[in-house]
> 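Here it is: the structure, laid out below.
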Amino acid sequence: MKILIVTMTCGEGHNAIARSIAEGFDARDEVKTVNLYAHLGKRDRLGKGYLLAAKYIPNLYSAIWDRLRKINPARRYRGAAMEGVRPALDEMERVAAAFAPDAVICTHPYASNVFCYLKIHNRYRGRIYSVLTDYVVCPYWQGSVLCDGVFTPHAKLHSQMLARGFREEQLLPFGLPVRREFEHGVSKAAARAELGIAEQEFVVVSVNGGLGVGNVRGLIAHTATVDAQEKTVRLFVVCGRNERLRRRAEKFVCARGYENVTVLGFTQELSVLYAAADFVFCRGGSGAVTEAAKTGVPFAVRERAVTQERANAEFFKPYGCYAMKRVKEARRILQERLRMNTVGKSRGGYDYRTSCQGIASRKSSLISVCASENNLKYYRKKREANPRAGGSLRAFFA
């Protein structure tokens, strides 16, 4: 089977999910992964714009996001989500024609919107599947109603999807894919032995996303000096690919003389750190919270979270998740955790079905072509009735 996975860089979460899905297929399948805008050799203004907005103006970003959620689903093809994908249409059509996949799996709404648009215009005739990448429905997914299947994190989201025009038979509650090392990780004792951590140490891990976002120095100051009584706090700070952030954190740790703090850059050993940890501070992306939940470690979603990050934290509150509003809350949270027993998998995480393997094993049981064809005929009829359609997205969906 030939599978084309299309992702987009808005942080590393969508790319991580794409890699996890690719791992779910075996050697008999030919899997190709394409980054929507990086493949074009163009500057990804959309992805960078999201990161800048989430970092510097989270309240404004959240206000816009919340407003978009209130838009009538019937206007799904008239907004920025569809206009933003125009530069990728021709290239993705060429990639699909050259690779001839049996199915396309999209891990970002822009990627899904591209292929749904191509399908409406008879420029792609294959199967399209999407992976809903948050524990709330992003308004940009509304343009993906022509997908043959949508893999959702949880059935609790289906009522939101149905209200936006999706059909029950499209929605597959497989859970979010995570890397295999989080599914079948090492034990806590083995992880601590690998990292050289003593039994009496209370291990805290701070993960700041793949691109390193957040008030790292503030978090270090509020956690490194927590009174652990008979235990010793050991803090690991992961700065991702943000080398500037890593250097500033190292300089801060050196200046304060914190011997119990280890600063790391981008690491492939995150699953080992999570397995060894007693508590994790992370950004609120769906990938980050799912990895923590799968490991079973209690975690807190960091301050200045945008709308979907807050929704992810809210979803996991019953399973031991904290939602921080200010960085200084880190001290209170850790002191509370130190007074409690360590939370295991039965309390700290949700028992997910393995979605990356599920895509591979259940690919033949997805919805029938008939349902897709009925929906597709409606949009083709609409196009034929609109003489202004041409090649313009805005004209076609006006």
> Check whether NZ of the Lys or CZ of the Arg Arg337 lies under 6.0 Å from the centre of the six-membered ring of Phe279 and within 45 degrees of that ring's axis.
no
> Rounded to the nearest 0.5 Å, how far apart are OG of Ser144 and CG of Asn113?
4.0 Å
> Give the intermediate values and the outcome of ring pair (Phe, Tyr, Trp, His ring centres under 6.0 Å) for residues His158 and Phe166.
CA-CA 9 Å; His158 289 193; Phe166 289 85; over 10 Å; no
> Rounded to the nearest 0.5 Å, how far apart are CG of Leu4 and CD1 of Ile105?
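Here the interatomic distance stands at 9.0 Å.
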> Any link between Val95 and Ile128 through a network of hydrophobic side chains (Ile, Leu, Val, Met, Phe, Trp, Tyr) touching at under 4.5 Å?
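Cluster IDs for Val95 and Ile128 match.
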> Looking only at the aromatic ring of each residue, does the gap between the centers of Phe281 and Phe299 stay below 6.0 angstrom?
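Not under 6.0 Å, so no.
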> Just say parallel, tilted or perpendicular for the rings of His108 and Tyr110, cut-offs at 30° and 60°.
perpendicular
> Once rounded to the nearest 0.5 Å, what's the spacing between atom CD of Gln268 and atom CG of Leu270?
9.5 Å
> So, does Arg127 use its side chain to make a donor-acceptor pair with the main chain of Asp148 at under 3.5 Å?
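Checked: no pair found.
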> Working to the nearest 0.5 Å, report the span between CD of Glu194 and OG of Ser187.
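The CD atom of Glu194 sits 10.5 Å away from the OG atom of Ser187.
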> Can you name the salt bridge (charged side-chain N to carboxylate O under 4.0 Å, His left out) partners of Asp90, sequence neighbours left out?
Arg123
> Please say yes or no: joined through hydrophobic side-chain contacts below 4.5 Å, possibly via intermediate residues, are Leu195 and Val297 part of one cluster?
yes
> When rounded to the nearest 0.5 angstrom, what is the spacing between SG in Cys106 and CE in Met92?
10.0 Å
> So, the side chain of Arg283 versus the backbone of Glu303: is there a donor-acceptor pair under 3.5 Å, distance only?
yes
> With Ser206, which of Val261, Leu219, Thr223 fulfils side chain to side chain contact (heavy atoms under 4.5 Å, CB included)?
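That would be Leu219.
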> Quick one: are the ring centres of Tyr135 and Phe316 less than 6.0 Å apart?
yes
> Does Arg339 come within less than 4.0 Å of Glu336, counting only side-chain N to carboxylate O?
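Judged by the 4.0 Å cut-off on N to carboxylate O distance, Arg339 and Glu336 do not form a salt bridge.
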> Quick one about Arg302 and Asn208 (side-chain donor to acceptor, distance below 3.5 Å, no hydrogens or angles considered), yes or no?
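There is such a pair (donor and acceptor under 3.5 Å, judged by atom type) between the side chains of Asn208 and Arg302.
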> Which residue pairs pass the salt bridge (charged side-chain N to carboxylate O under 4.0 Å, His left out) test when at least one of the two sits in residues 322-331, sequence neighbours left out?
Glu329-Arg332
> Ignoring hydrogens and geometry beyond distance, is a side-chain donor-acceptor pair present between Thr7 and Asn15 at under 3.5 Å?
yes
> Which pairs, with at least one residue in residues 250-260 and sequence neighbours excluded, count as a side chain to side chain donor-acceptor pair (under 3.5 Å)?
Arg246-Glu250, Arg256-Tyr258
> Distance from Arg167 atom CZ to Met161 atom CE, nearest 0.5 Å?
11.0 Å
